[in-house]
Amino acid sequence: MTDELDRVRDHYRATGLTDRLKTALAVLGSEEQRLGPEQLATLDQFHTRGLAATAELANLAVITADMSVLDVGSGVGGPARFLAAAHGCEVTGVDLSEPFVEAARYLTARTGQDGKVSFETGSALALPFEDGRFDAALLQHVAMNIADRPLLYREIRRVLKPGGKFATFDVVLNGGDPLYPVPWAKTPGESFLLTAEATCEAVEAAGFGTLVRRDDTAMAKAWFAELRASGPPPLNLGVVMGKGFAELTTNLGRNLMQGRLGILTAVFEAVPTKAL
Ligand SMILES: C[S@@+](CC[C@H](N)C(=O)[O-])C[C@H]1O[C@@H](n2cnc3c(N)ncnc32)[C@H](O)[C@@H]1O
């Protein structure tokens, strides 16, 4: 593992995560009681606008039941469980953080989705899958932890079939220096943000054509304003990331409100290799 990947793993180390989840989820019923994926949505969708953002991205990518979908940087597995439940597809998640993968498997057992949804520990920069295995790939709030974007997007292109969809939802630079700490990095040295333009250029250079490109900053700002007014729900990402997480989320909101950062939604299509 490189220093950079070690730093990312440290950031998402989440000691005792599965036990903390078990304790927090006791409010929803006993360990034997099956949970609906939507009951977990306030703590298992680790990105701006939560479940609504995943649902929109899946619709934009036109995910269907016959697809095999890869979620790159799958966190504790909320997006993967939602995709399988709402679209009927098979989903594989891959994440660098072992505690997150363990927690994702635990939560998937609680929702009874083990047959359709699975998780592996691995790096987005060396995906543990053969060429052309997937019909679609999702990448939500992950790229800002990754310096080598050309390699990231080439790896995603490699594991997709020609014509496969790549849907990304990420934080981007937007004309100012970000305030730290933020949810993905305690310091600027752990953060590798690009502008929306540079992100799309890097994706296209890896063998993709752009289908959809949208600036979702305004919607994200509205979501943060609402969150500030209502306060966090009882089951929230603090269970996953620990007590200090609220400050990191607040800083992301400030960065968006002050025009330092933006939110990019985009869907690409894998160009057949011969056309490259
Ligand atoms: C902010 S969370 C987003 C999780 C998930 N995509 C979601 O939206 O719920 C970022 C995730 O990316 C993972 N990650 C960061 N760099 C990675 C890499 N190089 N390879 C695999 N996973 C990575 C982290 O471990 C973490 O789980």
Side-chain angles (χ1 to χ4, degrees), residues 1-15 17 21 37 40-58 61 69-84 91-105 107-108 117 119-129 137-156 159 166-172 181-186 190-193 216 220 223 236-242 245 248-249 251-252 261 263-265:
M1 285 279 164
T2 63
D3 286 354
E4 180 196 317
L5 294 187
D6 282 340
R7 282 206 302 269
V8 175
R9 283 199 305 177
D10 271 354
H11 182 73
Y12 296 106
R13 191 165 294 283
T15 311
L17 175 56
L21 285 168
L40 303 174
T42 52
L43 62 64
D44 73 1
Q45 302 277 333
F46 197 163
H47 51 257
T48 312
R49 293 184 51 238
L51 185 60
T54 304
E56 268 180 36
L57 195 62
V69 180
L70 175 65
D71 188 16
V72 181
S74 44
V76 294
R81 283 184 293 278
F82 169 78
L83 287 178
V91 189
T92 304
V94 62
D95 201 283
L96 202 55
S97 163
E98 213 149 316
F100 277 23
V101 169
E102 184 192 301
R105 288 178 180 147
L107 294 173
T108 304
V117 183
F119 298 93
E120 294 192 28
T121 306
S123 169
L125 298 175
L127 290 169
F129 308 107
L138 249 69
L139 183 78
Q140 294 192 93
H141 282 39
V142 178
M144 56 267 202
N145 277 123
I146 297 180
D148 195 342
R149 297 295 186 91
L151 179 56
L152 168 67
Y153 300 132
R154 278 203 308 274
E155 268 299 89
I156 293 172
V159 300
F166 169 42
T168 188
F169 176 66
D170 256 313
V171 181
V172 291
V182 284
W184 63 94
K186 302 263 179 336
E190 300 160 46
S191 183
F192 305 98
L193 295 161
D216 279 346
W223 182 80
N236 60 62
L237 274 162
V239 177
V240 175
M241 290 296 281
F245 191 69
L248 312 189
T249 307
N251 276 349
L252 173 55
L261 296 179
I263 298 288
L264 167 72
T265 294

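Predicted model, so just to flag it, every value in this text is computed and none were measured. Ligands are counted one by one from 1 in listed order, and the atoms in each one are counted from 1 as well.
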Subject >> Any donor-acceptor N/O pair, Glu155 side chain to Leu127 backbone, under 3.5 Å >> reply: yes
Original post:
What's the verdict on ring pair (Phe, Tyr, Trp, His ring centres under 6.0 Å) for Phe169 and His141, showing C-alpha distance, side-chain angles and the deciding distance?
Top reply: CA-CA 6 Å; Phe169 176 66; His141 282 39; 5.0 Å; yes
Subject >> Distance, nearest 0.5 Å, that separates CD of Glu190 from CG of Asp3 >> reply: 12.0 Å
Original post:
Near ligand 1, which protein residues have a heavy atom under 4.0 Å away?
Top reply: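 Residues Leu5, Val8, Tyr12, Asp44, Gln45, Phe46, His47, Gly73, Ser74, Gly75, Pro79, Asp95, Leu96, Ser97, Phe100, Gly122, Ser123, Ala124, Gln140, His141, Val142, Asn145, Ile146 each place a heavy atom under 4.0 Å from ligand 1, listed by chain and number.
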Original post:
Can a salt bridge be assigned to the pair Asp6 and Arg9 using a cut-off of 4.0 Å between side-chain N and carboxylate O?
Top reply: yes
Original post:
Checking side-chain contact (heavy atoms from CB on, under 4.5 Å) for the pair Glu120/Asp95: CA distance, chi angles, key distance, verdict?
Top reply: CA-CA 7 Å; Glu120 294 192 28; Asp95 201 283; over 6 Å; no
Original post:
With a 3.5 Å cut-off and no angle check, do the side chains of Ser191 and Trp184 form a donor-acceptor pair?
Top reply: yes
